Amino acid sequence: MPASILNLFFPRNCPVCLNPSDRPDRYICSDCLNRVPLLPPEHDFPAAMHFEGCGRELIHAFKFRQHLFLLEDLTDLLEAAALSCYHVPAVDLVIPMPIPFYRRFLRGYNQSELLARSLAKRISRTCRSDILLRCGFPRQQALLGDRERALNVKGTFRVRDRSRGWLKSRTVLLVDDIRTTGATCDEAVKTLKAAGAARVLPLFLAKAGD
Ligand SMILES: [Zn+2]
């Protein structure tokens, strides 16, 4: 059935302004897309946007309100950031940042895993969510100071023993939704490298703070 007829029955409304989207196969309308606080192209921080305004609204809708239909829209942003920050052909494997199992259980999904899978498909790479595992019960990072955050995440991750072969001398793209202080990401990078990864390239959908 042509997309225009499908849209009559299933209109794609923009989650930010609630008007019908004017972009084929996408939900965020052009006006709202122009308001997404993208990081400037010359910025070398590996994130698509700032975690504020319209960017924050989109991530909250995707992460906390089950607006999973935003996946392709958000993958567009993530893919653009990957291409501008990294030499993507060098990537061997895409790995999502794991979240604590109870949070995944309550939410029903890991938002970073959905993003990582979608991006991996676009760049024709394998995505594995069963290599880097999260263990323990860390306290919420947002409630802690810098030093406490680093201590809080120590030993948070482990690599599944039988998956080490996947990492040996490989370049890994590590996908996470929001970067706060970076303590969690640093610990994940350290764990992957200790397990044999040659390079770990972190990639975030959004960057919180300055
Ligand atoms: Zn809109």
Side-chain angles (χ1 to χ4, degrees), residues 1-86 88 94 96-97 99 103-104 106-125 127 129 140-142 173-182 184-185 201-210:
M1 198 183 286
S4 54
I5 297 181
L6 274 175
N7 289 347
L8 269 180
F9 295 104
F10 304 103
R12 285 172 293 102
N13 286 340
C14 171
V16 184
C17 66
L18 309 181
N19 292 320
S21 176
D22 56 342
R23 298 166 61 233
D25 303 323
R26 293 294 184 269
Y27 285 85
I28 306 172
C29 74
S30 317
D31 282 348
C32 292
L33 188 61
N34 285 331
R35 293 195 293 118
V36 170
L38 296 175
L39 265 69
E42 68 276 13
H43 205 290
D44 59 0
F45 191 85
M49 60 185 171
H50 292 286
F51 186 56
E52 59 189 34
C54 183
R56 183 198 296 261
E57 276 179 52
L58 290 170
I59 292 189
H60 275 181
F62 185 65
K63 188 169 173 175
F64 301 120
R65 298 204 303 274
Q66 280 84 36
H67 282 17
L68 302 184
F69 55 81
L70 287 174
L71 184 59
E72 294 299 325
D73 289 82
L74 297 179
T75 307
D76 290 345
L77 303 175
L78 197 62
E79 185 183 11
L83 293 172
S84 84
C85 295
Y86 296 126
V88 169
V94 181
M97 179 67 84
I99 56 176
R103 224 170 277 165
R104 191 185 194 292
L106 292 174
R107 193 174 297 154
Y109 56 95
N110 171 0
Q111 65 286 348
S112 299
E113 182 179 342
L114 299 180
L115 290 165
R117 288 200 182 286
S118 176
L119 176 64
K121 204 167 157 189
R122 298 249 189 122
I123 62 173
S124 307
R125 291 295 183 276
C127 175
S129 57
Q140 278 236 300
Q141 289 290 86
L173 188 65
L174 177 64
V175 174
D176 198 357
D177 60 345
I178 308 165
R179 194 254 194 202
T180 45
T181 62
T184 309
C185 177
L201 314 174
L203 180 67
F204 304 90
L205 183 55
K207 173 182 189 287
D210 298 331

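The first residue in the sequence is number 1, and the count goes up from there. Whatever order the structure lists them in is the order used to number ligands and atoms, beginning at 1. The structure displayed is predicted, hence computed values, not measured ones.
In this view, Tyr86 satisfies the ring pair (Phe, Tyr, Trp, His ring centres under 6.0 Å) rule with no residue, not counting sequence neighbours.
Listed by chain and number, the protein N, O or S atoms at a distance under 2.8 Å from the Zn ion (ligand 1) are Cys14 SG, Cys17 SG, Cys29 SG, Cys32 SG.
Not less than 6.0 angstrom separates the ring centroid of His50 from the ring centroid of Phe45. The aromatic ring centroids of Phe62 and His60 lie 6.0 Å or more from each other.
In the model, Arg117 has a side-chain atom that pairs as donor or acceptor with a side-chain atom of Ser129 under 3.5 Å.
Using a 4.0 Å cut-off between charged side-chain N and carboxylate O, Glu57 and Arg35 make no salt bridge. Between Asp25 and Arg12 there is no salt bridge, since no side-chain nitrogen of the basic residue lies less than 4.0 Å from a carboxylate oxygen of the acidic one.
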